[in-house]
S.K.: 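Below you'll find the structure I mean.
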Amino acid sequence: MTAKIAYGDVEVGTELPAHSFPVTRATLVRYAGASGDFNPIHWNEKFAKEVGLPDVIAHGMFTMAEAIRVVTDWVGDPGAVVEYGVRFTKPVVVPNDDLGATIEVSGKVAVKLDDNRVRVDLTVLSEGRKVLGMSRAVVQLA
């Protein structure tokens, strides 16, 4: 696969389509099984509260993975992401109800780099709070 977005078709400020990702306790259980991360803060409400958390929280790497989907969906090729990094600022709290939590992600082209690459900055929120800071990806465009 190759990127479906051409370097010449984007400018600084180009906005990527925003997306919301639902997160339930069942989502966390599936992710724990796939990742091997069975830390009880991600599935045991009693334990999470005993260690000072408001409730069960989503895995940081899960949150990071959901956020980058905005970029990979936009560019059309996950392999086009050549760098990606974030700072974890707040946890995604996942209540034990039928709704769970929502991760809201938006992004825009912040810098056009050399060699048909751009830096995309992401804004990642849950319950109106920024849960990832300095969320940036360098993407190789066509």
Side-chain angles (χ1 to χ4, degrees), residues 1 3-7 9-142:
M1 289 178 61
K4 67 179 183 181
I5 304 294
Y7 183 80
D9 291 341
V10 300
E11 297 298 329
V12 170
T14 297
E15 293 187 16
L16 283 62
H19 193 75
S20 295
F21 301 97
V23 185
T24 64
R25 295 279 178 97
T27 308
L28 300 181
V29 170
R30 286 191 299 274
Y31 182 81
S35 69
D37 182 353
F38 293 101
N39 187 323
I41 65 173
H42 303 304
W43 58 270
N44 184 317
E45 185 174 334
K46 181 180 179 286
F47 183 85
K49 288 181 177 181
E50 284 176 353
V51 298
L53 295 168
D55 208 330
V56 165
I57 62 171
H59 302 73
M61 296 304 283
F62 171 82
T63 304
M64 217 177 141
E66 290 292 79
I68 198 66
R69 287 176 57 191
V70 167
V71 176
T72 59
D73 288 352
W74 171 69
V75 75
D77 179 6
V81 176
V82 296
E83 291 179 32
Y84 179 44
V86 305
R87 286 193 183 157
F88 299 104
T89 57
K90 300 273 187 212
V92 175
V93 178
V94 183
N96 191 18
D97 59 19
D98 293 333
L99 301 176
T102 303
I103 300 170
E104 300 171 19
V105 185
S106 60
K108 67 179 180 179
V109 175
V111 180
K112 288 186 83 169
L113 304 165
D114 295 332
D115 299 324
N116 288 5
R117 293 180 176 193
V118 296
R119 190 186 84 208
V120 174
D121 290 355
L122 298 172
T123 300
V124 185
L125 308 172
S126 183
E127 294 183 9
R129 297 177 308 174
K130 188 180 277 192
V131 295
L132 297 179
M134 300 290 291
S135 185
R136 298 176 172 172
V138 175
V139 183
Q140 181 71 53
L141 300 181

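Computed over heavy atoms, backbone and side chain alike; hydrogens, waters and symmetry mates excluded.
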S.K.: Any chance you could measure E50, atom CD, to I41, atom CD1, to the nearest 0.5 Å?
M.R.: 13.0 Å
S.K.: Do L122 and V120 pass the side chain to side chain contact (heavy atoms under 4.5 Å, CB included) test, and can you show the C-alpha distance, the side-chain angles, and the key distance before you say yes or no?
M.R.: CA-CA 6 Å; L122 298 172; V120 174; 4.1 Å; yes
S.K.: Sequence neighbours excluded, which residues qualify as side chain to side chain contact (heavy atoms under 4.5 Å, CB included) partners of N96?
M.R.: R25, E45
S.K.: Taking only residues two or more places apart in sequence, or in another chain, which ones meet R136 in a side chain to side chain contact (heavy atoms under 4.5 Å, CB included)?
M.R.: R119, D121, M134
S.K.: Which value, rounded to the nearest 0.5 Å, describes the distance between F88 atom CZ and I57 atom CD1?
M.R.: 10.5 Å
S.K.: Under the side chain to side chain donor-acceptor pair (under 3.5 Å) definition, can you give me all pairs with a residue in residues 64-74, not counting sequence neighbours?
M.R.: E66-R69
S.K.: Less than 4.5 Å apart, any side-chain heavy atom of L16 and any of V71?
M.R.: yes
S.K.: Can you check whether G36's main-chain N or O pairs, donor with acceptor, with Y31's side chain at less than 3.5 Å?
M.R.: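 Not confirmed, Y31 side chain does not pair with G36 backbone.
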S.K.: Would a 4.5 Å heavy-atom cut-off, applied to side chains only, mark V82 and R117 as touching?
M.R.: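 When only atoms from C-beta onward are counted, R117 and V82 do touch, with a gap below 4.5 Å.
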S.K.: From L28 CG over to N39 CG, what is the distance, rounded to the nearest 0.5 angstrom?
M.R.: 11.5 Å
S.K.: Write down the atom of V94, the atom of A58, and the distance for their closest heavy-atom approach.
M.R.: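 What the structure gives for the nearest pair is CG2-N, 4.0 Å.
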S.K.: Give the minimum heavy-atom separation between A110 and V12, together with the two atoms involved.
M.R.: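 Smallest heavy-atom distance, with atoms named: O-CG1, 3.4 Å.
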S.K.: V124 and F21: side chain to side chain contact (heavy atoms under 4.5 Å, CB included), yes or no, with the steps?
M.R.: CA-CA 11 Å; V124 185; F21 301 97; over 6 Å; no
S.K.: Checking side chain to side chain contact (heavy atoms under 4.5 Å, CB included) for the pair N44/V56: CA distance, chi angles, key distance, verdict?
M.R.: CA-CA 6 Å; N44 184 317; V56 165; 5.7 Å; no
S.K.: To check you understand the geometry: which heavy-atom pair defines the closest contact between S135 and V86, and what is its length?
M.R.: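 Looks like OG-CG1, 3.4 Å.
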S.K.: Please tell me if the side chains of D55 and L53 come closer than 4.5 Å, counting only heavy atoms from C-beta onward.
M.R.: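 Not in contact.
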S.K.: Please report the shortest heavy-atom distance between V93 and P95, naming the atom on each side.
M.R.: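 Nearest pair, atom of V93 first, then P95: O-CD, 3.4 Å.
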S.K.: Which residue pairs satisfy the side chain to side chain donor-acceptor pair (under 3.5 Å) criterion with at least one member in residues 99-115, sequence neighbours excluded?
M.R.: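 Sorted pair list comes back empty.
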S.K.: If you look only at pairs with a residue in residues 86-95, which of them pass as a side chain to side chain donor-acceptor pair (under 3.5 Å), with sequence neighbours excluded?
M.R.: none
S.K.: A side-chain contact here means heavy atoms from C-beta on lying under 4.5 Å apart; do V105 and T123 qualify?
M.R.: no
S.K.: Could you report the tightest heavy-atom contact between F38 and W43, atom names first, then the distance?
M.R.: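 Heavy-atom minimum between the residues: O-NE1, 2.9 Å.
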S.K.: Which residues pass the side chain to side chain contact (heavy atoms under 4.5 Å, CB included) test with N116, sequence neighbours left out?
M.R.: Y7, Q140
S.K.: For A101 and S126, which heavy atoms make the closest approach, and how far apart are they?
M.R.: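 Scanning both residues completely, I find the closest heavy atoms to be CB-OG, 4.3 Å.
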S.K.: Over 60° means perpendicular and under 30° means parallel, so classify the ring planes of H59 and H42, tilted if in between.
M.R.: parallel
S.K.: May I have the step-by-step check of side chain to side chain contact (heavy atoms under 4.5 Å, CB included) for I103 and V92, ending in yes or no?
M.R.: CA-CA 8 Å; I103 300 170; V92 175; 4.2 Å; yes
S.K.: Can you confirm whether D98 is buried at CG, in the sense that more than 12 heavy atoms of other residues, nucleotides or ligands lie under 6.0 Å from that atom?
M.R.: no
S.K.: Could you tell me whether the side chain of V118 reaches within less than 4.5 Å of the side chain of V111, counting heavy atoms only?
M.R.: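 A side-chain contact under 4.5 Å is absent here.
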